[in-house]
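Chain naming here is simple, since letters A, B, ... match the order of the sequence lines and numbering starts at 1 in each. Since we're looking at a predicted model, the values are computed, not measured.
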Amino acid sequence: MTSVLIAGVGVTDFTRSSGRSEARLAVEAAGRALEDCGLSRDSIDGIVSYPTGPRAEELIGTLDLRAVGFTATSRLGGASSVAGLQVAMAAIMSGAATVVLCYFARNGSSRSRIHDRISTLLPAPHLREGIERPHGLSTPAQLYALLCQRHMYEHGTTREQLGQVAVTMRSHAQLNPGAQLYGRPLAMDDYLASPAVSLPYLRADCCLETDGSCAVIVVSDEVAARLDREPVVLAAVAEGHPPSPDDLVSRNPFLETGLRHAASAAFDTAGLRPADVDVAMIYDCFTFEVIHQLEEAGFCGLGDGGPFVESGAIALGGALPVNPHGGLMAEGHLGGMNHVVEAVRQLRDEAGGRQVDSAQVAAVTGWGDLGDGAMALLVRHG
Amino acid sequence: MADAATAHGVQPAKPQVRAWGDELAGFEEASSRGRLVVRRCDACLHLQWPPRSACQSCLGGGFDWVEIGGRGHIYTWTEVHRSSLEDFAGSVPYIVCIVEMDESPDLRMLGLLEGGTVPSIGVPVHGSAVSTGTAAPTIRWTLITDGDEFAENR
């Protein structure tokens with residue numbers, strides 16, 4: 001069977017205001033990803049785009065690509081970056097493509113902020129416009145706060161455990177000069193003093209709207225064999241959906257997510273277990289979503305996410321280092337494509353001061369829309 | 001009327017389309033008369049909220065709107081301190097609750113809590129549907145306090 005690998009990754013700078021278009025950002029990141037693996041742009045024959053931002057045609061036009069015979073987009077909100085890897089993998093395994101460019105590009109800080117994006121991104125607009133919006137709910141922070149509050153009630157998850165996630169992500173970012181919040185550490189007291197957004201969520205529970213782009217080049221083993229650069233093996237990718245993925249209010253069980261199904265499928269396919277994972281990139285749109293996904297992916301028991309985080313397990317040096325780059329909360333919100341980039345860097349020993357010693361297996365999760373999930377398992381080559 | 005307006009060079013107003021879709025029309029109509037309703041499948045009597053394109057239990061497509069008692073218990077809630085919505089930004093903080101209705105543990109509804117008291121999960125509430133002008137209708141919860149034995153009859 002064809003194996004599928006990630007050959008190259010590329011990023012722009014991550015800023016509050018890029019001063020250039022999203023299409024320009026995407027082209028820059030794509031160019032760096034090609035340079036990273038030594039492939040020419042002529043070799044790109046497949047493109048997987050994120051649901052928002054520049055479309056495949058714009059990249060085909062600007063990069064003057066002549067060989068593209070496959071384009072697709074997964075629509076799982078923030079889980080689309082990881083779910084898109086599954087589409088790229090399927091395209092390669094079917095023979096539809098051999099070199100697939102996956103990218104995310106957004107001026108999320110200076111232009112398209114979350115409340116503008118949500119109405120076009122989320123499914124079932126009649127539920128958003130007809131029920132949630134008239135009741136004053138229009139942002140993910142408000143909707144997901146309802147999940148967090150219930151988890152605190154059912155499992156005793158505490159404010160300090162949420163804070164531990166924020167503090168850990170920020171401390172990791174202090175080891176990443178490319179992180180937006182590099183040089184700006186966060187203490188627990190700072191976290192606790194952060195203003196309320198939608199309780200239980202404070203501002204410091206939320207990720208960081210960002211301008212920038214990330215690109216990843218996924219290739220067949222035949223292509224990888226011709227490259228000088230050591231690739232990373234894409235061992236498995238899966239997506240999953242909770243009950244009523246278009247409506248959180250009526251979901252039963254309320255705390256079930258798509259990741260539960262995606263993780264189970266990905267681990268089965270790869271022949272790996274959660275205990276085999278050396279470093280995890282968890283989609284940290286908000287602090288509780290890290291706790292929640294650690295449970296849903298099987299890294300700890302259901303309801304045990306709070307104590308797991310509190311024990312220091314997710315910090316560098318802990319049992320399961322999470323987001324050494326600082327994640328969406330401190331490196332920047334690049335739709336989780338920066339999580340894929342960091343996983344590749346960790347498995348190539350390129351992560352500098354935040355490198356997890358001899359990391360062999362990395363897990364990347366995606367969380368999107370109202371609880372869709374995706375997981376990719378990446379393995380060191382050779 | 002429209003003809004007269006056109007004759008004077010005024011474009012007739014477009015027919016008003018509900019941004020929230022026709023599937024909520026029955027809820028809107030009942031709310032304007034102060035009745036809290038959900039959909040009930042004609043075929044299998046499953047109570048459905050929110051409205052969907054078919055019954056999840058039997059895939060039937062026929063529904064009645066039926067009034068419910070309005071009593072339930074708070075399942076979860078959030079106190080919103082920042083809103084980008086024009087009609088809410090000036091009224092923060094406000095509390096939004098999901099309530100599990102007494103009719104069925106599968107029936108949960110979203111609403112705004114009146115009174116400003118920070119609630120606890122599990123406490124009983126009573127809901128009513130409120131319709132104001134052309135805005136989409138809303139559900140308002142009030143906490144049922146001890147000794148309020150008439151709450152269910154409000």
Side-chain angles (χ1 to χ4, degrees), chain A residues 113-119 123-157 194-203 205-206 243-255 286 288 370, chain B residues 18-25 27-28 31 38 48-53 56 74-89 91-100 104-113 118-122 130-132 135-141:
Chain A
R113 295 185 69 89
I114 184 66
H115 51 85
D116 301 323
R117 299 197 302 265
I118 189 168
S119 58
H126 77 286
L127 302 182
R128 311 287 85 76
E129 295 299 316
I131 296 181
E132 290 165 6
R133 198 183 162 107
H135 291 99
L137 297 182
S138 66
T139 68
Q142 295 158 357
L143 288 163
Y144 303 168
L146 295 162
L147 293 172
C148 179
Q149 186 86 268
R150 182 70 195 182
H151 194 275
M152 292 171 105
Y153 171 80
E154 283 189 22
H155 300 296
T157 309
S194 174
V197 170
S198 191
L199 292 174
Y201 282 146
L202 312 175
R203 185 184 294 164
D205 288 300
C206 306
S244 66
D246 58 348
D247 182 51
L248 187 151
V249 175
S250 61
R251 179 163 309 150
N252 196 4
F254 188 64
L255 291 172
F286 301 93
F288 166 67
L370 299 165
Chain B
R18 284 185 198 87
W20 45 93
D22 286 341
E23 281 173 346
L24 284 165
F27 175 67
E28 187 185 352
S31 297
V38 298
Q48 184 184 67
W49 189 262
R52 290 182 169 279
S53 46
Q56 301 103 300
I74 292 182
Y75 189 78
T76 187
W77 58 279
T78 180
E79 186 177 72
V80 179
H81 285 252
R82 282 186 55 184
S83 176
S84 53
L85 298 173
E86 234 172 63
D87 37 345
F88 282 91
S91 49
V92 293
Y94 54 92
I95 296 170
V96 184
C97 300
I98 296 177
V99 168
E100 192 173 275
S104 161
D106 282 336
L107 189 63
R108 294 195 213 114
M109 302 183 90
L110 194 68
L112 284 156
L113 184 69
V118 172
S120 307
I121 287 175
V130 174
S131 183
T132 49
T138 54
I139 297 171
R140 307 298 172 111
W141 308 115

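- Residue B:Tyr75 touches chain A through both its backbone and its side chain, counting heavy-atom pairs closer than 4.5 Å.
- Among B:Leu112, B:Leu110, B:Val118, the residue making the largest number of heavy-atom pairs under 4.5 Å with chain A is B:Leu110.
- With values rounded to the nearest 0.5 angstrom, B:Ile98 atom CD1 is found 10.5 Å from A:Gln149 atom CD.
- Closest of all the heavy-atom pairs between B:Leu85 and A:Arg133 is CD2-CZ, 3.4 Å.
- Rounding to the nearest 0.5 Å gives a distance of 8.0 Å between OG of A:Ser244 and CD of B:Gln56.
- The two atoms that bring B:Ser84 and A:Ser138 nearest to each other are OG-OG, 3.8 Å, heavy atoms only.
- The nearest pair of heavy atoms linking B:Pro51 to A:Ile131 is CD-CD1, 4.3 Å.
- Between the CD atom of B:Glu23 and the CG atom of A:Leu127 there is a distance of 8.5 Å, given to the nearest 0.5 Å.
- With hydrogens and angles ignored, the 3.5 Å screen pairs no side-chain donor or acceptor of B:His81 with any backbone N or O of A:Leu199.
- Nearest heavy-atom pair across A:Ser198 and B:Thr78 is OG-OG1, 2.7 Å.
- Put simply, of B:Arg52, B:Met109, B:Glu100, B:Arg140, the one with the most heavy-atom pairs under 4.5 Å next to chain A is B:Arg52.
- Residue B:Ile139 touches chain A through both its backbone and its side chain, counting heavy-atom pairs closer than 4.5 Å.
- With rounding to the nearest 0.5 angstrom, the CG atom of A:Leu137 is 6.5 Å from the OH atom of B:Tyr94.
- For the pair B:Arg108 and A:Asn252, the minimum side-chain heavy-atom distance is below 4.5 Å.
- Among A:His135, A:Met152, A:Arg203, A:Arg251, the residue with the largest count of heavy-atom pairs under 4.5 Å with chain B is A:His135.
- Looking only at distances, a side-chain donor or acceptor of A:Gln142 sits under 3.5 Å from a matching main-chain atom of B:Arg82.
- Judged by distance alone, the side chain of B:Thr76 and the main-chain N or O of A:Leu146 form a donor-acceptor pair under 3.5 Å.
- Summarising the geometry of B:Trp49 relative to A:Ser250, their closest heavy-atom pair is O-CB, 3.7 Å, with the distance given to 0.1 Å.
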- Message: Under the criterion side-chain contact (heavy atoms from CB on, under 4.5 Å), I'd like the reasoning laid out for A:Glu154 against B:Ile121: C-alpha separation, chi angles, the key distance, then a yes or no.
- Response: CA-CA 10 Å; A:Glu154 283 189 22; B:Ile121 287 175; over 6 Å; no
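- Heavy atoms only, all atoms of each residue included: A:Asp247 and B:Pro50 are closest at OD2-CD, 3.2 Å.
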